[in-house]
2 protein chains.
Amino acid sequence: MKKNPVSPIPLNPAPFKNASSADAKASGRGGARPGAGRPAGQGQYGEPTKPVRLPVSMIDEVMDYVATGGRQSLPLFSCAVAAGFPSPADDHLEGSLDLNDYLVKHPAATFFVRVSGDSMIKAGIHENDILVVDRSLEPRHGKVIIAALDGQLTVKRLHHKSGKTMLMPENDRYAPIVVSDEASMVIWGVVTNVIHSV
Amino acid sequence: MKKNPVSPIPLNPAPFKNASSADAKASGRGGARPGAGRPAGQGQYGEPTKPVRLPVSMIDEVMDYVATGGRQSLPLFSCAVAAGFPSPADDHLEGSLDLNDYLVKHPAATFFVRVSGDSMIKAGIHENDILVVDRSLEPRHGKVIIAALDGQLTVKRLHHKSGKTMLMPENDRYAPIVVSDEASMVIWGVVTNVIHSV
DNA sequence: ACTTTTGAATAAAGTACAATATTCTAATAT
DNA sequence: ATATTAGAATATTGTACTTTATTCAAAAGT
């Protein structure tokens, strides 16, 4: 069992009444008294624990999860104009954010795509960016989508105009793709977010 | 449920002998036999479990975590050119990705900032984007950083030139900021990623 | 008076056990 | 012959209990 490195917490100096007055025991040391014993909250988590059954394959992972404080919720600040004086960090604090929660609304229907090419540069989609794609969203006109065309994955903006379906790049050096045979195109999902490394 | 494909192997050398021959019990049904009993892997997780102690405040959260299959690792595809034929999804599969792992290398030193303004538009940083900021990285020349100037948070590219420190916007409509009094500027951290909604 | 030793008190942590759930088959009933 | 039922077998699951760790303070030593 791991030894707890936490420094001793000075407990309340409870007014202890010495037992020597009446029933002092001549033999042995120590003795009954209030305040003795290991203080609560000295465990590895600083709070009570309870045994819970977990699948063996996940125990390590869960222990990690618990050790790192659970959901990876980190503070979110905003650039909003502050009071005017040099303001503490709290003045900008908007709350806290978990990336998976924020970016993945439908975990079972979401996947990522790494971008190659620059055909969508004007939409803020660069080479090597990671796209968050949700296949549970309906691919409507105007949405940025991931489509498989002849077995090739592409990112484009979907256009439906006068009965025709087109895949529009957002880069002047590329031409729109007219989807003649709708059956040859499979839409994998709708892009919801772009993750870009600076 | 799934039946064990292995046929019941009699553990003891003697094959199961029907008890009726000699010491038939007139009363009672069923009886000893191999293969009886609840099959393994029928539990709520389909695998053995073990009791583990968890802090009470996290039990609900952990149960959620376990129920949703642990780390939110989702598939990552690439747009790389495939074999030429209409290819299955697997041909594009690069692996799987957990956003927190990918974006947050130093959880204790990372925070997020929501962008206002368009002064960094050429760096792909748009209004309302979320920036991933790591304060454990050293703010070197050329890095995009978050700085507090007179209590106001700003995103700019850090420049050190001939002894001067400057904060460079990436938008022609904005002018560089010369940091005259270095003490009035506090660098909060280095921007590692931009998260943009399409 | 100060330090060290020792046992009591009590929380933490791990595990064994009892209760429950599920499935199989022999015995019984139809 | 087929369907039903009761009991046996065995995995699952929750929790009680044992073991371990830590702290307090009286007693003993210096």
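Bear in mind that the values here come from a model prediction, so they are computed numbers and not experimental data. A note on names: the letters A, B, ... follow the listed sequences, proteins ahead of strands, and every chain is numbered from 1.
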Polar pairs (N or O, both sides) under 3.5 Å between protein and nucleotides 12-15 of chain D?
residue: D:dT12; atom: OP1; partner: B:Gly41; partner atom: N; Å: 3.1
residue: D:dT13; atom: OP1; partner: B:Gln44; partner atom: N; Å: 3.0
residue: D:dG14; atom: N7; partner: A:Arg53; partner atom: NE; Å: 2.9
residue: D:dG14; atom: O6; partner: A:Arg53; partner atom: NH2; Å: 2.5

Practice prompt. Would you mind reporting whether B:Ile177 and B:Thr154 have side-chain heavy atoms less than 4.5 Å apart?
Written response: no

Discussion item. Can you measure A:Leu54 atom CG to C:dG14 atom C1' for me and round it to whole angstrom units?
Written reply: 14 Å

Fill in: Side-chain heavy atoms of B:Leu149 within contact of B:Leu167, under 4.5 Å
yes

Item to complete: Consider only side-chain heavy atoms of I, L, V, M, F, W and Y, link residues closer than 4.5 Å, and tell whether B:Val155 and B:Tyr174 are in one cluster.
Response: no

Fill in: Min side-chain heavy-atom separation B:Val62-A:Tyr65 under 4.5 Å
yes

Practice prompt. Give a yes or no on whether the ring-centroid distance for B:His159 and B:His141 is below 6.0 angstrom.
Written response: yes

